Amino acid sequence: MASDSIKKRELIEFLNKKAFVPILETPEEKYKTESKKEKLREVQKSTEREKSRFENYPSAQEVKNNYLSDLNSDSANRINKELSRLHLPTLPELKEEFLGLCRILDV
């Protein structure tokens with residue numbers, strides 16, 4: 001069985017690959033209007049904070065718990081709406097895949 005630090009790293013890598021990095025690396029030039037570019041900058045700032053928060057959780061279980069709690073928070077819902085409008089990945093879209101990884105890792 002993998003250690004908790006390995007499990008945590010795998011969960012973080014999943015979130016980075018599927019959500020955080022694609023959002024953070026989206027160039028402003030992808031959008032034509034200044035308002036969409038501004039929305040992109042806003043969601044990128046929020047994503048950077050969220051990425052940092054997840055990386056600082058002490059355990060794989062904390063990553064899972066906070067992921068699940070973020071799915072229903074008001075601030076996350078607002079950001080997810082903006083991400084959807086910008087055609088970027090959202091954490092709710094990844095829920096089944098994330099939970100599948102949690103089952104595989106026994107978290």
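Note that the coordinates shown come from a computational prediction; the quantities given were computed from them, not determined experimentally.
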(message) Apply side-chain contact (heavy atoms from CB on, under 4.5 Å) to residues Val43 and Thr26 and explain how you reach the verdict.
(response) CA-CA 11 Å; Val43 297; Thr26 296; over 6 Å; no
Looking at [atom1] of [X] and [atom2] of [Y], how far apart are the two atoms once the value is rounded to the nearest 0.5 Å?
| X | Y | atom1 | atom2 | value |
| --- | --- | --- | --- | --- |
| Glu28 | Gln44 | CD | CD | 7.0 Å |
| Lys30 | Leu86 | NZ | CG | 8.0 Å |
| Leu91 | Lys18 | CG | NZ | 13.0 Å |
| Glu50 | Asn66 | CD | CG | 10.0 Å |
| Glu34 | Leu40 | CD | CG | 10.5 Å |
| Thr33 | Lys37 | OG1 | NZ | 8.0 Å |

Atom of [X], atom of [Y] and distance for their closest heavy-atom approach:
| X | Y | answer |
| --- | --- | --- |
| Arg85 | Lys36 | O-NZ, 3.8 Å |
| Lys51 | Asn16 | CE-OD1, 3.2 Å |
| Pro89 | Ile23 | O-CD1, 3.4 Å |

Flag, side chain of [X] to backbone of [Y], donor-acceptor distance under 3.5 Å:
| X | Y | result |
| --- | --- | --- |
| Lys8 | Ser3 | no |
| Glu93 | Thr90 | yes |
| Ser84 | Asn80 | yes |

Find out whether [X] and [Y] are in side-chain contact, i.e. whether some heavy atom of one side chain is under 4.5 Å from a heavy atom of the other.
| X | Y | result |
| --- | --- | --- |
| Pro22 | Leu88 | no |
| Tyr57 | Ile12 | no |
| Lys7 | Asp106 | yes |
| Gln61 | Lys64 | yes |

(request) May I ask you to decide whether Glu48 forms a salt bridge with Lys45, counting only side-chain N to carboxylate O separations under 4.0 Å? (result) no
(message) Assess whether a salt bridge exists between Glu38 and Arg41, defined as any Lys/Arg side-chain N lying under 4.0 Å from an Asp/Glu carboxylate O.
(response) yes
(message) Holding to side-chain contact (heavy atoms from CB on, under 4.5 Å), I want the full list of residues that pass it with Ser46, two or more places apart in sequence or in another chain.
(response) Arg49, Ile79
(message) Tell me whether Asp74 at atom CG has more than 12 heavy atoms from other residues, nucleotides or ligands lying less than 6.0 Å away.
(response) no
Grouping I, L, V, M, F, W and Y whenever their side-chain heavy atoms are under 4.5 Å apart, do [X] and [Y] come out in a common cluster?
| X | Y | result |
| --- | --- | --- |
| Leu101 | Ile6 | no |
| Leu24 | Tyr31 | no |
| Phe54 | Val21 | no |

(message) Going by salt bridge (charged side-chain N to carboxylate O under 4.0 Å, His left out), name the residues that satisfy it together with Arg78, two or more places apart in sequence or in a different chain.
(response) none
(request) Only one of Leu71, Asn77, Asp70, Leu83 passes side-chain contact (heavy atoms from CB on, under 4.5 Å) with Pro92; say which it is. (result) Leu71
(message) Which label fits Phe98 and Phe14: parallel for a plane angle under 30°, tilted from 30 to 60°, or perpendicular past 60°?
(response) tilted
